[in-house]
Protein chains: 2
Amino acid sequence: MEESPLTDLEGAVLGLLWRSGPLTAYQIRTEFLHSPTSHWSGSAGAIYPLMRRLEEIGLVGSEEESTGRRPRRRYQLTAAGLAALRGWLAPPHPADAYTVLFDPLRTRILFLDALDSAAQRLFLEEAEAGLERHLQELEEIYRQIQESGDRPAVLATRAGILSTRARLQWLAELRAAVSED
Amino acid sequence: MEESPLTDLEGAVLGLLWRSGPLTAYQIRTEFLHSPTSHWSGSAGAIYPLMRRLEEIGLVGSEEESTGRRPRRRYQLTAAGLAALRGWLAPPHPADAYTVLFDPLRTRILFLDALDSAAQRLFLEEAEAGLERHLQELEEIYRQIQESGDRPAVLATRAGILSTRARLQWLAELRAAVSED
DNA sequence: CAGAGCATGTAAGAAGTTACATGATTGT
DNA sequence: ACAATCATGTAACTTCTTACATGCTCTG
């Protein structure tokens with residue numbers, strides 16, 4: 001029934017169903033759409049086929065609520081799905097869970113010297129401004145959901161804040177190092 | 001000639017060619033293989049077709065060094081390739097450059113309550129141990145390349161260290177929050 | 001009742017993964 | 001000379017993206 005390890009998208013979908021009861025594919029989609037990471041695109045072409053796949057291997061069940069209109073399919077976790085969710089959650093984790101995260105800015109900065117110094121300065125200014133802006137948003141979200149009492153979301157947002165601050169700190173160090181030549 | 005924006009893998013390949021002169025596909029592969037991020041798999045099936053693609057659109061050139069044996073193709077950056085590299089490096093950057101990075105641990109912790117409390121504790125222990133181990137490795141690498149004087153690599157490693165520390169700090173906060181129930 | 005936007009998909013194509021095949025070189 | 005490993009690929013498959021199609025619902 002459960003063949004290969006779940007992808008992170010599959011695991012997250014099972015997690016959403018576990019937390020928020022039966023959901024339609026569209027509702028799942030919008031959850032990802034509103035996430036502060038742009039890693040989760042929530043595109044239709046990803047979610048709809050994925051839901052069918054999960055149903056085929058028995059990790060979710062669905063029922064159609066056809067009130068005469070266009071079918072509206074609502075998915076919920078099966079017992080096998082809950083077991084698979086726990087298997088995905090628990091250690092051992094994939095290798096990339098503990099290694100350095102992928103960061104498009106860090107990747108580019110490896111080759112910063114390929115830009116002339118004016119462009120380098122522009123790069124660093126833009127990067128700091130962009131991260132600063134994003135940090136403000138995260139802190140605003142943090143305040144809101146702290147009131148809502150949604151603890152896992154609070155924790156995840158806190159992670160985003162700390163991680164973004166670390167990137168900003170790094171950029172500040174970098175700017176100091178660049179300007180001293 | 002240059003159609004769509006470069007992917008990060010394509011940009012990084014151009015960057016490697018810019019920094020390290022003409023390289024074979026295999027040499028590029030091993031650069032990625034040895035990177036401390038597991039995001040760069042450097043699999044043959046990714047690199048070889050990519051190099052052909054980059055050559056087709058004129059961003060790299062190649063010459064065959066056939067000394068009678070099996071062909072050995074060495075790629076170098078063209079003028080168009082350098083321009084494309086600079087376009088990829090310079091702002092404006094893709095949206096995901098400034099948003100929260102994708103973190104498999106954070107994603108899982110959103111659903112931590114689906115595990116029983118023993119499994120939760122195990123999760124947190126493993127995660128802290130795994131990150132701590134990785135941090136040690138990074139600091140060892142950091143010391144080595146600081147001596148080598150490879151500044152961009154030093155900076156990138158520094159970013160990995162700060163980011164990993166931020167994740168550890170978050171886990172420490174989390175453990176405190178979990179144990180107080 | 002017309003248009004906006006919500007909801008449910010599908011099709012074609014891009015990009016990467018795993019697994020395989022095979023030639024060349026090196027160490028013992 | 002034989003095995004191990006370095007090096008150069010290819011093929012099939014998986015997963016996601018972009019773009020499209022289409023039905024349903026609500027609002028002015």
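Lettering of chains follows the sequences in order, A, B, ..., and the numbering in each one begins at 1.
- Salt-bridge annotation for B:Glu55 and B:Arg52: absent, with no side-chain N of the basic residue lying under 4.0 Å from a carboxylate O of the acidic one.
- The shortest heavy-atom contact between A:Leu14 and A:Val60 is CD2-CG1, 3.8 Å.
- The phosphate of D:dA7 (OP1 or OP2) has no side-chain N or O of B:Thr24 nearer than 4.0 angstrom.
- Remark: the A:Gln144 side chain and the A:Glu140 side chain contain an N/O donor-acceptor pair separated by less than 3.5 Å.
- Atoms CE (A:Met51) and P (D:dC16) sit 13 Å apart, rounded to a whole Å.
- Near-neighbour residues of DNA chain C inside residues 26-48 of chain B, defined by a heavy atom below 4.0 Å, number-ordered: B:Ser41, B:Ser43, B:Gly45, B:Ala46.
- Across the protein-nucleic acid pair, B:Leu50 atom CG and C:dG16 atom P stand 6 Å apart, rounded to whole Å.
- Distance, A:Glu55 CD to C:dT8 C1': 15 Å, rounded to whole Å.
- Atom-to-atom, CZ of B:Arg53 to P of C:dA14 comes out at 9 Å; the value is rounded to the nearest Å.
- The nearest whole Å value for the distance from the CG atom in A:Leu9 to the P atom in D:dT14 is 17 Å.
- At the phosphate of D:dT10, OP1 or OP2 sits under 4.0 Å from a side-chain N or O atom of B:Arg52.
- We find that CG of B:Leu6 is positioned 16 Å from P of C:dA14, with the value rounded to whole Å.
- At distances below 3.5 Å, at least one donor-acceptor pair connects side-chain atoms of A:Thr30 with backbone N or O atoms of A:Gln27.
- Look at A:Arg53 and A:Glu56 and you find no salt bridge, because none of the NZ, NE, NH1 or NH2 atoms lies under 4.0 Å from a carboxylate O.
- Rounded to a whole Å, the CZ atom of A:Arg74 is 12 Å from the C1' atom of C:dA7.
- For residues 111-121 of chain A, there are no side chain to side chain donor-acceptor pair (under 3.5 Å) pairs, not counting sequence neighbours.
- Between the CD atom of B:Glu64 and the C1' atom of C:dA24 there is a distance of 15 Å, rounded to whole Å.
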